Protein chains: 2
Amino acid sequence: MMKKKPAGSQDVAKLAGVSRSAVSRTYTPGAYVSEETRAKVLAAAAMLDYSPNAIARSLSKSRSGLIGIIASTLDNPFYARLLELLASTLQARGYAALLMVGDARNMDELLAKLLSYQVDGVLLPASKLTSRMAVSLHRSGRPVVLVNHTLDSREVSSVSGDNYGGGRMVADLLWETGHRRIAYVSGPIDTSSAVDRGRGLQDRLREYGIGVHAQASGEDTREQTAVVVRQMLNMTPPPDAIFCANDTMAVAALEVVTLEYGLRVPDDIAIVGYDNTILSTERLHALTSVDQNLEQMAQSAVDMLIRKMASDAPDLADLSVPATLIRRSTTRPRD
Amino acid sequence: MMKKKPAGSQDVAKLAGVSRSAVSRTYTPGAYVSEETRAKVLAAAAMLDYSPNAIARSLSKSRSGLIGIIASTLDNPFYARLLELLASTLQARGYAALLMVGDARNMDELLAKLLSYQVDGVLLPASKLTSRMAVSLHRSGRPVVLVNHTLDSREVSSVSGDNYGGGRMVADLLWETGHRRIAYVSGPIDTSSAVDRGRGLQDRLREYGIGVHAQASGEDTREQTAVVVRQMLNMTPPPDAIFCANDTMAVAALEVVTLEYGLRVPDDIAIVGYDNTILSTERLHALTSVDQNLEQMAQSAVDMLIRKMASDAPDLADLSVPATLIRRSTTRPRD
DNA sequence: TTGTAAGCGTTATCAA
DNA sequence: TTGATAACGCTTACAA
């Protein structure tokens with residue numbers, strides 16, 4: 001309704017009978033202002049409904065307080081929750097999140113847009129194809145942290161779950177509950193997380209003296225996963241356990257195994273997912289899964305980014321957050 | 001690595017041998033620049049890796065190109081997808097999304113932060129407790145559009161699914177497939193969407209000559225839903241169909257009905273959800289649900305907001321997007 | 001079509 | 001502790 005242009009520090013200064021600098025100082029955490037003038041300023045500000053203009057402040061301080069986040073699909077509940085946690089952690093630290101969602105096609109465009117808003121740093125919780133971008137960002141000197149994703153080149157810092165360790169835990173569980181023909185469905189082969197989980201599984205199984213019974217990759221859609229799982233089940237002998245690199249695929253596998261092949265889970269075959277999302281916690285699925293400790297992952301990522309922004313010493317690091325195996329009904333009990 | 005301070009329009013102007021205004025104009029869509037100078041500017045810009053500073057531009061034009069979005073929990077896949085679509089639609093229209101996630105507690109704080117960044121408008125896809133905020137925003141003259149949510153007071157514009165119509169469609173389906181004891185589990189009672197769906201159901205059933213067999217509300221958590229559903233199943237007679245106001249609750253209901261009570265779905269009892277999320281499309285659930293046409297909802301919301309920002313005539317409107325019933329295995333076939 | 005100069009709302013520097 | 005003044009990087013009358 002009342003479309004009056006909002007008051008500026010000038011107006012507040014006038015009303016309070018002080019200078020603009022005084023106003024600015026009252027809103028700057030550790031600045032020299034007498035209690036007296038501060039009070040006057042605050043009173044005047046309240047009267048005029050004044051609040052500092054963050055855009056102008058950004059321009060002046062050449063720090064925007066904005067952190068760019070480029071997310072890809074939020075269809076996977078894991079990424080949705082990750083985004084939520086990243087954003088709220090940023091807020092808690094006094095930053096705001098500039099969100100862009102994108103597929104591989106428009107990445108450059110999105111990135112340019114982010115940079116034009118002078119983001120102080122960038123968080124990349126994307127699953128794939130952010131590599132090129134991450135590198136160019138990092139080279140431009142802008143602080144970047146990859147989340148749930150690492151670069152082979154180790155050129156950019158990252159925070160991920162302990163995917164390798166997670167893979168090993170799954171191997172342990174399946175071995176100990178009597179499985180010997182263990183298959184791995186990995187989703188896109190070009191994501192570091194899927195690769196690491198597979199390596200963990202394989203290495204640990206090898207220590208037990210067996211290999212991975214079968215391995216397949218592809219898109220992590222339900223359809224594609226179904227195709228791959230069918231192929232596995234048609235092998236002779238078929239696997240007696242399938243480890244999927246995320247819950248979405250695990251549910252798809254569960255569907256094929258039970259609905260199409262009439263197998264009993266976990267008696268005939270065990271299914272293990274990853275991420276411990278709402279998909280696995282549902283009682284109808286009761287999917288054994290690996291929890292990535294998302295809260296910690298998000299916090300570490302944000303804190304790492306903030307540290308990077310503070311110091312101009314760009315020390316690289318790949319932080320790994322411990323994972324936890326959550327046993328449910330799609331695997332046999334341990335004893 | 002190379003941490004040189006980025007070039008400004010000044011630098012480009014100098015290199016190109018023109019004035020800063022010329023540079024500015026080359027980057028302003030409909031401005032008077034000769035092809036000749038434009039070319040010179042572009043060349044110089046490329047050389048210096050220049051791109052306009054959106055923060056400075058915002059300050060100068062007093063339009064930031066930023067749209068605030070306050071989302072609550074993204075645990076519900078519906079809201080995650082909605083956020084994704086809102087953000088990408090905004091991008092497509094040349095805007096960027098400033099995201100804040102929040103619970104009811106810190107709303108005022110979040111809002112203040114958003115406003116301090118001079119957002120041109122605000123999108124509120126939150127499920128609850130945004131009413132107060134929406135009103136105060138709207139009164140401050142800032143364009144606001146509620147998404148998937150309406151205000152009783154009709155003081156603020158909104159875009160929602162046709163919840164009333166969706167409720168009626170469910171009533172039709174259940175009636176036609178022989179159900180006569182139809183219960184409604186609504187989730188939080190204070191959300192307009194849940195209320196409207198319930199009204200639709202009730203009104204249509206009344207036209208058929210029956211009432212709603214039972215009705216319950218509460219938090220839309222899995223646990224709370226289970227409690228409510230158990231109470232309903234213990235009634236005499238129990239309902240022969242349960243309509244839940246979203247898929248999350250419907251899955252919880254399905255769990256109780258099948259796992260705890262051993263009922264067959266849909267023979268003994270039918271279950272209907274809402275939102276047609278990944279939860280309902282899973283083949284193990286195959287949940288009958290109502291699709292809200294999210295793409296259209298997001299687009300309409302963004303377009304409505306943009307229209308509001310353009311004209312200063314703040315005409316109120318509550319837009320409703322048609323819903324589609326998706327029949328799956330938790331309801332009986334229609335013939 | 002181009003350049004000059006005055007903002008946009010802050011913060012930072014420097015005297016007082 | 002305070003106030004004047006110059007940035008910050010861009011847009012936009014206005015004049016040329």
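Given the structure is predicted, the values throughout are model-derived calculations rather than measurements. Residue numbers begin at 1 in each chain, while the letters A, B, ... track the order of the sequences.
At a cut-off of 3.5 angstrom, counting only N and O atoms as typed in the model, there is no donor on one side facing an acceptor on the other between the side-chain of Ser24(A) and the base of dA12(C). Judged by distance alone, with hydrogens and angles left aside, Ser21(B) brings a side-chain donor or acceptor within reach of the base of dT4(C), the pair sitting under 3.5 Å.
Remark: C1' of dG9(D) and OH of Tyr50(B) are 8 Å apart, rounded to the nearest angstrom. Residue Ile55(A) contributes atom CD1, which lies 11 Å from atom C1' of dC8(C) at whole-angstrom precision. For the pair Gln10(B) CD and dC10(D) C1', the interatomic distance rounds to 11 Å; values are reported in whole Å. The interatomic distance linking Arg38(B) (CZ) with dT2(C) (P) rounds to 10 Å, in whole Å. For Asn53(B) and dC8(C), the CG to C1' distance is 13 Å, given to the nearest whole Å. Atom CG of Asp11(A) and atom P of dC8(C) are 11 Å apart (whole Å). Atom CZ in Arg20(A) sits about 14 Å away from atom P in dA7(D), given to the nearest Å. Here the C1' atom of nucleotide dG9(D) and the NZ atom of Lys14(B) are 14 Å apart, to the nearest Å.
Classification of Arg142(A) and Asp120(A) as a salt-bridged pair fails, no side-chain N sitting under 4.0 Å from a carboxylate O. Using a 4.0 Å cut-off between charged nitrogen and carboxylate oxygen, Arg81(A) and Glu295(A) count as a salt-bridge pair.
Residue Ser9(A) has a polar side-chain atom (N or O) positioned under 4.0 Å from OP1 or OP2 of dT10(C). Under 4.0 angstrom from either OP1 or OP2 of dT11(D) there lies no side-chain N or O belonging to Tyr32(B). Checking the phosphate oxygens (OP1, OP2) of dT2(D), a side-chain nitrogen or oxygen of Ser34(A) falls inside 4.0 Å. For the OP1/OP2 pair of dG3(D) and a distance below 4.0 Å, the side-chain nitrogens and oxygens of Ser19(A) include at least one atom meeting the criterion. Not one side-chain nitrogen or oxygen of Ser62(B) sits closer than 4.0 Å to the OP1 or OP2 atom of dC8(C).
Nearest-nucleotide positions on DNA chain C place Val18(B) closer to the 5' end than the other of Ser60(B) and Val18(B).
Checking dT11(C), dT11(D), dG9(D) against the side-chain heavy atoms of Arg57(B) singles out dT11(D) as nearest. When distances are taken from the side chain of Arg25(B) to each of dG9(C), dT5(D), dT2(C), the shortest belongs to dT2(C).
Using a 4.0 Å heavy-atom criterion, one finds that Val23(A) contacts no nucleic acid atom at all. Using a 4.0 Å heavy-atom criterion, one finds that Tyr27(A) contacts no nucleic acid atom at all. Among the heavy atoms of the strands lying under 4.0 Å from Thr37(A) are primed sugar atoms or P, OP1, OP2 only; no base atom is included.
Put simply, the side chain of Gln292(A) never gets that close to the backbone of Asp275(A): no donor and acceptor are under 3.5 Å apart. A donor-acceptor contact shorter than 3.5 Å is absent between the side chain of Asn106(A) and the backbone of Glu109(A).
Looking only at atom types and distance, the side chain of Tyr79(B) has a donor-acceptor partner in the side chain of Asn148(B) under 3.5 Å away. When only modelled atom types and interatomic distance are considered, Ser158(B) and Asp318(B) share a side-chain donor-acceptor pair under 3.5 Å. There is no side-chain donor-acceptor pair under 3.5 Å between Ser21(B) and Ser24(B).
In this structure, Arg154(B) places its CZ atom where only 12 or fewer heavy-atom neighbours from other residues, nucleotides or ligands lie under 6.0 Å away.
Rounded to 10 degrees, the angle between the two end axes of the helix from dT1(C)-dA16(D) to dA16(C)-dT1(D) is 40°, with five pairs used at each end.
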